[in-house]
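For the numbers below, each heavy atom of this structure counts, side chains included, while hydrogens, waters and symmetry mates do not. In what follows, chains are A, B, ... by sequence order, proteins preceding strands, each numbered from 1.
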There are 2 protein chains.
Amino acid sequence: MMDYQANDGAISECPVDEFAVFAELGGDFSDTLKRMASESVLYTAAESIYVAGTNARHLYILRDGHVKLFKSTINGKDQIIRIVKPGEIFGFDGLVDTVYNHSAVPLKHAKACRIPVERLRLLGAQRPEVERLIMVRCIKELQHADERLLELGAKRSAERLASFLISWCEATPADRWTPLVLSRLEIAQLLGLTIETVSRFFAQWKRDEVVEERNQAIRILDQKRLKTVAESRA
Amino acid sequence: MMDYQANDGAISECPVDEFAVFAELGGDFSDTLKRMASESVLYTAAESIYVAGTNARHLYILRDGHVKLFKSTINGKDQIIRIVKPGEIFGFDGLVDTVYNHSAVPLKHAKACRIPVERLRLLGAQRPEVERLIMVRCIKELQHADERLLELGAKRSAERLASFLISWCEATPADRWTPLVLSRLEIAQLLGLTIETVSRFFAQWKRDEVVEERNQAIRILDQKRLKTVAESRA
DNA sequence: CGACGAGTTGATCAGTGTCAACTGCCGTGG
DNA sequence: CCACGGCAGTTGACACTGATCAACTCGTCG
């Protein structure tokens, strides 16, 4: 957390054993992985981690910060596919394809550990658990995508926004402030809306004392009310 | 194809070696799998293959027909997540969770091969390639989901409908009829629209001789035109 | 023959997008 | 140090897409 400003883009050894992902592989495994020289990289906002269509060389594990994965239409509209949170894997494409199928950019900043796919392949040959772990993570992602498809396809704007806020804050204990790392634009691109509609609902809910917002952080005041909105019963 | 009417719901030995999925595992593997008594099951439209929230006991491979995977909101709106085509795997949930996270129903009819997850687990222990194969398939699904999220989040109705038609027909050679296994309602639920809007665009394109429709089948007459619509340049 | 379900079409309305003006904040440079 | 410019966000007026409601056709099946 404290070394962000220091070494942007710096590459160092990645303490793999810290990650929940590989935790279950046990100590000797992380030694193996370390020897394979997986790297830890820092990114600042606006610098791409990878770009759709470019060579997919690494699998990433997010250590700190947030990453947005997005795709763009030919006309330049962006859709955010997923917000990656610490501990999660992203950049699966390289395991199957030669190029990435979406782009990855940090929200504010991000620290990620990356492993070259060819090394991962070698590793997978020795330790089949690796592929099992990735499979499990991948299935989880798929379930998450199912849910997002339901949101985008079957819910109206207020419902999407409400359930976004609920799920965004669910990690933090109730009545605590949650940093809102996303801009209005990014929320809009995540939910398939415009900046203005996002802004309007936020304003309304702040007036109605359903949520509070203060220096890039939000707090849900009336969880119950927000839930009824999310289920379109208001 | 010819034995549908005969034994609905019948269960028989599944000729696993026919599947592209496990083809690369070689002959001795499919023997193993056969001995594990994976089953082949026939389904008719309207009978569920599995229901969201129920015990996730099997992994499925579709042999013939089409299956729709869908989720429902609390208010009863359905969103189709994916249309499964022959050769594809579905029902990954059991490998990670105890229950299914969406429901699966055949479109018209379907013939699927299913493998109990616990057997798959045993098998995975012996033959790590199995999990690698599932991982690969799963990543493909994830890419597909990314694309669908872009469609639903960033495109207007005509664009969604046009690119749906294009992708639906892309398997069949140009100027040949493609069976349209989906009802208007199902197309609407897939694209996050209403029956009426689907119907209206179809009608318009038929008038403009962009597409033709005849007994449950469609044919694209003006691919180029449809593509410009899909990219919202018309 | 009649009833029902799927699909079509029209009229109307509501929800969001679009466009534009305005505020407030922050960093830059004179 | 202040002024300016620019960017993020807000708010209002308006337009338009797509949903809703309703009537009607057509084909199928009892």
Quiz prompt | Atom pair distance, as rounded to whole Å: CD1 in A/Ile195 and P in D/dC7 | solution = 13 Å

Quiz item: Atom CG of B/Leu69 and atom CG of A/Leu142: how far apart are they, to the nearest 0.5 Å?
Solution: 9.5 Å

Self-check item: Least distance between heavy atoms, B/Pro106 atom then B/Thr44 atom
Solution: CG-O, 3.4 Å

Quiz item: What ring pair (Phe, Tyr, Trp, His ring centres under 6.0 Å) pairs are there with at least one residue in residues 71-104 of chain B, not counting sequence neighbours?
Solution: B/Tyr50-B/Tyr100, B/Tyr50-B/His102, B/Tyr60-B/Phe90

Between N or O atoms, less than 3.5 Å apart, protein on one side and nucleotides 28-30 of chain D on the other: list the pairs.
none

Quiz item: Per the side chain to side chain contact (heavy atoms under 4.5 Å, CB included) rule, which among A/Leu185, A/Val181, A/Ile187, A/Leu180 passes with A/Ser183?
Solution: A/Leu185

Quiz item: Closest heavy-atom contact between A/Ser40 and A/Lys111?
Solution: OG-CE, 3.9 Å

Self-check item: A/Lys140 and B/Asp97 ion-paired at < 4.0 Å
Solution: yes

Practice problem: Let me know the distance between CG of A/Asn75 and P of C/dG17, rounded to the nearest Å. | Solution: 16 Å

Self-check item: Approximate separation, where rounding is to 0.5 Å, of B/Ile220 CD1 and B/Glu170 CD
Solution: 9.5 Å

Quiz prompt | Identified side chain to side chain contact (heavy atoms under 4.5 Å, CB included) partner of A/Cys138 from the options B/Ile139, B/Val136, B/Ile134 | solution = B/Ile139

Exercise. Within residues 196-215 of chain B, find the residues that approach DNA chain D with a heavy atom at under 4.0 Å, and present them sorted by residue number.
Key: B/Glu196, B/Thr197, B/Arg200

Self-check item: Test item: A/Leu149 and B/Leu149 side chains (from C-beta on) under 4.5 Å apart, heavy atoms
Solution: yes

Quiz item: Does B/Glu151 come within less than 4.0 Å of B/Arg148, counting only side-chain N to carboxylate O?
Solution: no

Quiz prompt | Within residues 148-164 of chain B, residues whose heavy atoms come under 4.0 Å of DNA chain D | solution = B/Arg156, B/Ser157

Quiz item: Roughly how far apart are A/Ile218 CD1 and A/Arg176 CZ, rounded to 0.5 Å?
Solution: 14.0 Å

Self-check item: Contacts of type salt bridge (Lys or Arg N to Asp or Glu O under 4.0 Å), residue A/Arg219, not counting sequence neighbours
Solution: A/Glu212

Quiz prompt | DNA chain D-proximal residues of residues 178-194 of chain B, any heavy atom under 4.0 Å | solution = B/Gly192, B/Leu193, B/Thr194

Practice problem: Consider only side-chain N and O atoms of A/Thr172 and A/Thr178, and report whether a donor and an acceptor are under 3.5 Å apart. | Solution: yes

